Amino acid sequence: PKYAAGTQPFTVLIEGNIGSGKTTFLNHFQQFQEKICLITEPVEKWRNVRGVNLLKLMYKEPERWAMPFQSYVTLTMLQSHTQQTQKPVKLMERSIFSSRYCFVENMYRNKIIDDGMYHVLQEWYNFIDNSIHVQADLIVYLRTTPKVVYERMRKRARSEESCVPIKYLEELHKLHEEWLIENPEFNNKVVVLDADLDLEHIGSEYKRYENHIINPTFIRQQQ
Ligand SMILES: Cc1cc2cn([C@H]3C[C@H](O)[C@@H](CO)O3)c(=O)nc2[nH]1
């Protein structure tokens, strides 16, 4: 059997572009902490791999560091996917899928990752498909427009992202749409939220799907 098979609870993945409000969404569910195991994107790990800031290197010298960065992201995501919890629900910020179908894909299309690097990553993804259980019962897609998230990214001013152009966000948006809206293999487990809404109005969007996340049996009754 696959590594971690049968060890995972109902798992919800929060997906969306840079600046789409994933952290804010996740924080909304901190009030249900006793029922939900919340796993944020391990950006701090990517910023300090035994003292090396891979995230900064990836943005500064992408041709050289994008592949090792994505390789490390994949490892940290698998650690989150297989992390044990006694709670009935796991809520994760992003997943191995967003690396595979969005970030790595975009870097390959932009020739930031060349054929050799891409094929190595694809071989790893295929091996992982066959050997490690990755639980994904529901995907919450925080759908945004590139202009909105670009403004938010600029306002948040994460230092490593200071040179990210809006074109990059437009490309990532398109790949999220291809993966979560157009791909029949995934779109049956996707709920789409209008994440362009600003903070005071998005609360009602969260409320609309609270039950989908906290009460997985609620989902089963629906299906
Ligand atoms: C799964 C996954 C998340 C992720 C984030 N990132 C970047 C986008 C943001 O600038 C930062 C934090 O999300 O890391 C990336 O390049 N590749 C990724 N792959």
Side-chain angles (χ1 to χ4, degrees), residues 11-27 38-49 52-83 90-113 117-118 120-122 124-125 128-129 132 134-136 139-142 144 146 148-176 178-180 183 186 190 195:
T11 300
V12 182
L13 309 178
I14 314 298
E15 298 286 359
N17 209 337
I18 299 170
S20 56
K22 294 181 295 303
T23 305
T24 310
F25 183 87
L26 221 88
N27 290 343
L38 294 176
I39 302 182
T40 56
E41 200 176 42
V43 181
E44 290 320 309
K45 281 188 186 175
W46 308 339
R47 282 177 152 151
N48 181 3
V49 185
V52 178
N53 184 339
L54 282 188
L55 180 65
K56 188 166 134 194
L57 289 171
M58 184 271 292
Y59 278 124
K60 268 189 169 347
E61 302 171 66
E63 280 78 4
R64 181 174 183 193
W65 287 100
M67 196 277 186
F69 171 77
Q70 288 302 338
S71 174
Y72 186 63
V73 167
T74 299
L75 170 63
T76 58
M77 282 300 162
L78 279 174
Q79 289 166 337
S80 300
H81 281 301
T82 57
Q83 180 183 314
K90 180 187 274 190
L91 190 49
M92 263 182 71
E93 188 178 3
R94 289 227 175 96
S95 65
I96 188 169
F97 305 113
S98 15
S99 255
R100 182 175 189 176
Y101 299 112
C102 299
F103 292 95
V104 168
E105 199 52 41
N106 192 38
M107 290 166 172
Y108 183 52
R109 293 185 185 181
N110 288 339
K111 302 208 184 325
I112 288 174
I113 284 180
M117 298 172 181
Y118 183 73
V120 167
L121 289 172
Q122 295 309 315
W124 271 107
Y125 291 132
I128 289 162
D129 270 350
I132 300 178
V134 175
Q135 188 85 24
I139 299 178
V140 176
Y141 176 25
L142 300 182
T144 53
V148 169
V149 289
Y150 182 69
E151 294 310 320
R152 286 186 194 158
M153 183 188 75
R154 301 298 299 166
K155 207 158 63 184
R156 176 175 65 191
R158 187 181 269 154
S159 62
E160 295 91 346
E161 296 166 347
S162 56
C163 306
V164 174
I166 190 164
K167 177 176 167 293
Y168 188 65
L169 300 179
E170 287 162 352
E171 290 162 353
L172 286 175
H173 173 70
K174 195 169 168 306
L175 281 159
H176 275 86
E178 286 173 22
W179 167 41
L180 295 173
N183 181 337
F186 282 90
V190 177

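Model, not experiment: these values are computed from the prediction. The figures here come from the full heavy-atom set of this structure, side chains too, leaving out hydrogens, waters and symmetry mates. We count ligands from 1, going down the list as the structure has it; atoms in each ligand are counted the same way.
Residue-level contacts of ligand 1 at the 4.0 Å heavy-atom threshold are Ile18, Glu41, Val43, Trp46, Leu55, Met58, Tyr59, Phe69, Gln70, Val73, Met77, Arg94, Ser95, Ser98, Ser99, Phe103, Arg158, Glu161.
Judged purely by distance below 3.5 Å, without hydrogens or angles, the side chains of Asn110 and Glu171 pair a donor atom with an acceptor atom. Thr74 and Trp124 share no donor-acceptor pair across their side chains, judged by distance under 3.5 Å alone.
Note that OG of Ser98 is 11.5 Å distant from CG of Leu175, once rounded to the nearest 0.5 Å.
A salt bridge (charged side-chain N to carboxylate O under 4.0 Å, His left out) check over residues 90-99, counting only residues at least two apart or in different chains, returns the pairs Glu41-Arg94.
A parallel orientation is assigned to the rings of Tyr118 and Tyr108, their planes being inclined by less than 30° (bins at 30° and 60°).
A ring pair (Phe, Tyr, Trp, His ring centres under 6.0 Å) with Phe97 holds for exactly one of Tyr141, Phe103, Phe186; it is Phe186.
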